[in-house]
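Reading through the structure tokens given below for one structure.
Every heavy atom of this structure was used, including side-chain atoms; hydrogens, water molecules and symmetry mates were not.
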Amino acid sequence: ERLGRFVELRSLDLYRCDITSVPEYIGNMQALQSLQLVMIELVELPESIGRLHNLEYLRLFNNKLTRLPDSLGQLKALRALNITSNKLTEFPSTIARLPFLCFLNADNNLWQRPPKSVMETGGYEGVKKGENIAGIRRYFDALDAHGASTSRTFKLILVGTGEAGK
């Protein structure tokens, strides 16, 4: 709770600490411009992180995150996001549409939406050029343009002869 009192703090870097979550009061530290939570076994982020309106650099690599809060889409000043080597499966469309986001490193995750081929466009050189962000934005724009959405349901049909497997 003491950390929450540093409302004028501009940079917070935590490496290899023994914490698995970030307290809600992180959202009160609105002067933060850089936040690095690296290799700390982090499994979730609080929704309050979306209140960090001055945040430009967010590095969350080598953790155990399984989802990103939708509130990250409120970080309008965000320029760089590194979420490499987590356990993420879905990338929120709101983050892809952040106006100043020009660096996104999202390799080594379990991407399903958008597919890994979209998330990791161009390798590291593509990351430096912003090609992966452009590809992700095109993916979500195409979904919107066609009124499509992704579904988590599927149908399994087994075809074979009546005696198969006996």
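Both Ile19 and Leu32 belong to a single network of hydrophobic side chains, linked directly or stepwise wherever heavy atoms of I, L, V, M, F, W or Y lie under 4.5 Å apart. Leu72 and Val38 are assigned to two separate hydrophobic clusters, defined by single-linkage of ILVMFWY side chains at heavy-atom distances under 4.5 Å. Hydrophobic clustering (side-chain heavy atoms under 4.5 Å, transitive across Ile, Leu, Val, Met, Phe, Trp, Tyr) groups Val22 together with Leu9. If you chain together hydrophobic residues whose side chains sit under 4.5 Å apart, Leu104 and Phe61 never meet in one group.
Scanning all heavy atoms of the two residues, the minimum distance from Ser48 to Ile26 falls at OG-CG2, 3.7 Å. Nearest heavy atoms, Phe140 versus Pro92: CZ-C, 4.3 Å. A pairwise comparison of heavy atoms in Ala80 and Leu101 identifies N-CD1, 4.0 Å as the closest pair. Closest non-hydrogen pair, Gln30 versus Asn54, comes out as O-ND2, 2.8 Å. The shortest heavy-atom contact between Ser71 and Pro46 is OG-O, 4.3 Å.
For the pair Asp141/Arg97, a side-chain contact is recorded, criterion being any heavy-atom separation below 4.5 Å from C-beta on. Looking at Leu45 and Leu37, their side chains come closer than 4.5 Å, going by heavy atoms from C-beta outward. Residues Lys76 and Leu98 meet the side-chain proximity criterion, which asks for heavy atoms closer than 4.5 Å. Inter-residue side-chain proximity for Arg59 and Ser34 is flagged as met; some heavy-atom pair is nearer than 4.5 Å.
Taking CG of Leu75 as the reference point, atom CD1 of Ile49 lies at 7.0 Å (rounded to 0.5 Å). Distance check: Ile83 CD1 to Leu58 CG gives 9.0 Å after rounding to the nearest 0.5 Å. To the nearest 0.5 Å, atom CG of residue Leu60 and atom CG of residue Leu68 are 7.5 Å apart. Taken from CD in Glu41 to CG in Leu65, the straight-line distance is 11.0 Å, to the nearest 0.5 Å. The distance from the CD atom of Gln36 to the OH atom of Tyr57 is 11.5 Å, given to the nearest 0.5 Å. Rounded to the nearest 0.5 angstrom, Ile136 CD1 and Trp111 CH2 are separated by 7.5 Å.
Between the Asn86 side chain and the Asn109 main chain, no donor and acceptor come within less than 3.5 Å of each other. Judged by distance alone, the side chain of Arg137 and the main-chain N or O of Ala96 form a donor-acceptor pair under 3.5 Å. Checked by atom type and distance alone, the side chain of Asn62 never pairs as donor or acceptor with a backbone atom of Ser85 at under 3.5 Å. Under a 3.5 Å cut-off, the side chain of Asn63 and the backbone N or O of Ile40 do form a donor-acceptor pair.
Side-chain atoms of Thr94 and Asp70 form no donor-acceptor pair, as typed in the model, at a separation below 3.5 Å.
Summarising the local packing, OH of Tyr15 is surrounded by more than 12 heavy atoms from other residues, nucleotides or ligands at distances under 6.0 Å. Within a 6.0 Å sphere centred on CZ of Arg10, heavy atoms belonging to other residues, nucleotides or ligands number 12 at most.
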Would Arg51 and Asn28 count as a side-chain contact (heavy atoms from CB on, under 4.5 Å) if you check the C-alpha gap in whole Å, the side-chain angles of each, and the deciding distance to 0.1 Å?
CA-CA 7 Å; Arg51 295 196 315 253; Asn28 298 336; 3.0 Å; yes
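Under the salt bridge (charged side-chain N to carboxylate O under 4.0 Å, His left out) criterion, Glu24 pairs with no residue at all, not counting sequence neighbours.
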